[in-house]
Amino acid sequence: MTDLFTPVRLGAIELKNRIIMSSLTRNRAGPGNVPTNLIAEYYKQRATVGLILTEASPICAEGHGYPRTPGIHSPEQIAGWRNVTKAVQGAGGKIALQLWHVGRISHPDLQPNGALPVAPSAIRPAGQTFTGKGMKDFVTPRALETTELPKLVADYVQAAKNAMQAGFDGVEVHAGNGYLLDQFLRSSTNQRTDAYGGSKENRARLLFEIMEGICTAVGGDRVGIRLSPVTQFNDISDDNAQETFEYVVNGLNRFNLAFLDLLQGTGGAPKEQWVPFDYDRLRTIFNSKLIRNNGYDFESAQQAIKSGGADAIAFGRLVLANPDLVERFRRGAALNAPDYEKLYTGEEKGYTDYPFLAP
Ligand code: 8OZ
């Protein structure tokens, strides 16, 4: 009987089990936003999961929105990631890089030459952001010109090629959580009047162009995508999320992707506050493997796999705090609790010092 411990193939990527490490921002990159030996050690410790999805990695200098996030746009960053993939693969693991551009979720303090962040439309996100120089109000971003979009597509494609050069088993395009591609997809953040805004067909156009370019460059069977249809994280919403995302998933089928990483629910909010959405519809529509994500424990994950509702399950907090989560699940062992104070700070503390089970 198929369960969480059964191997599975996501496109060209062979997984030894269906337990996936979710992408998690940890803010520990070195100078130049280069991945360090400590980052390699952290991922290597977790190489027993079927697939590691790395923390989000900016595709270009303008794509950064937080301090110390490891990029994939300089030779030093590629070399740093190469060190990470070697460590993970040397320990028998598989690892895919999450390609990221934050769009308006940035600040001039984090942009080249102190420029305004870019976005589909000049709409300021509510709230404040951590810039490395304390909390600051978000600013009104600059709307991208239509003529700038081909360069953006080219940056995504180059970043995907860089990831393959760094030895990754695949890439995941981050099109969720209120960042740039989600800002294009959803109606609250996209009020463009050109071919990239307005109708759902127009709002999805940039994403499809990027997927086309990346899949042509590295092969669709090594490409996945993250979607989060109803999250409100980063001040975002859609007038008709069900319709928008059914259209998006239908359109993605032409790329024969390795997987869809579907983040269910609303940010870190408890299940009772989740906006209703028919995720099973997307399961039916999508023609490849489905990873479900958010709030699963061992029991609910086993149930999702056994019932055929998902091909794999991604765990964030549980893998963060339990480098040997697979073994703990096997043995029914107790789990370490995450240290929330050390999520985005602390170097090795709350990062590589979570205890393993005694053998
Ligand atoms: C938390 C803090 C910073 C970034 C996401 C990349 O939500 C993130 C992120 C999460 O996808």
Side-chain angles (χ1 to χ4, degrees), residues 20-29 33 35 39 42-43 52-60 62-73 77 81 96-107 109-111 117 119 125-132 134-136 138 156 159 163 171-186 189 207 224-237 245 259-269 274-275 291-295 314-321 338-346 350-351:
I20 308 245
M21 178 177 182
S22 184
S23 185
L24 294 161
T25 289
R26 303 303 308 274
N27 305 80
R28 280 155 168 97
N33 292 316
I39 293 180
Y42 160 76
Y43 285 118
I52 292 170
L53 298 171
T54 69
E55 63 206 281
S57 183
I59 60 148
C60 59
E62 297 77 18
H64 287 259
Y66 305 85
R68 302 189 61 184
T69 49
I72 186 68
H73 50 88
Q77 292 164 355
W81 280 124
L97 184 77
Q98 193 186 55
L99 300 174
W100 194 28
H101 190 310
V102 298
R104 68 180 190 155
I105 304 301
S106 188
H107 190 277
D109 286 359
L110 291 156
Q111 289 291 311
Q128 292 197 315
T129 187
F130 182 70
T131 67
M135 297 300 290
K136 296 197 180 175
F138 280 115
Y156 269 95
V171 293
E172 174 178 276
V173 175
H174 192 350
N177 297 9
Y179 297 108
L180 182 69
L181 298 178
D182 206 16
Q183 291 158 29
F184 270 87
L185 289 177
R186 290 206 257 173
T189 41
L207 175 66
I225 186 166
R226 152 64 67 88
L227 296 174
S228 58
V230 296
T231 191
Q232 296 162 356
F233 183 54
N234 289 323
D235 188 26
I236 198 163
S237 64
F245 285 90
F259 61 87
L260 164 60
D261 169 14
L262 186 58
L263 187 83
Q264 304 176 152
T266 306
W274 287 8
V275 176
I291 303 171
R292 295 210 198 210
N293 197 336
N294 206 5
F315 301 88
R317 283 160 275 192
L318 298 191
V319 180
L320 181 157
D339 178 353
Y340 288 105
E341 305 261 290
K342 303 279 186 335
L343 280 186
Y344 307 120
T345 182
Y351 191 57

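Start at 1 and go down the list; that is how both ligands and their atoms are numbered. All residue numbers in this chain count up from 1 along the given sequence.
A side-chain N or O of Ser106 and one of Gln111 form a donor-acceptor pair less than 3.5 Å apart. Between the side chains of Thr231 and Asn177, no donor-acceptor pair of N or O atoms lies under 3.5 Å. No hydrogens or angles considered: a donor-acceptor pair under 3.5 Å links the side chains of Gln98 and Ser23.
With sequence neighbours excluded, the residues forming a ring pair (Phe, Tyr, Trp, His ring centres under 6.0 Å) with Tyr351 are Tyr42, listed by chain and number. Considering only residues two or more places apart in sequence or on other chains, His107 meets the ring pair (Phe, Tyr, Trp, His ring centres under 6.0 Å) condition with none of them. Considering only residues two or more places apart in sequence or on other chains, Tyr66 meets the ring pair (Phe, Tyr, Trp, His ring centres under 6.0 Å) condition with Trp100.
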Distance dump, ligand 1 polar atoms to protein, N/O, under 3.5 Å:
residue: ligand 1; atom: 7 (O); partner: Asn177; partner atom: ND2; Å: 2.8
residue: ligand 1; atom: 11 (O); partner: His174; partner atom: NE2; Å: 2.7
residue: ligand 1; atom: 11 (O); partner: Asn177; partner atom: ND2; Å: 2.8

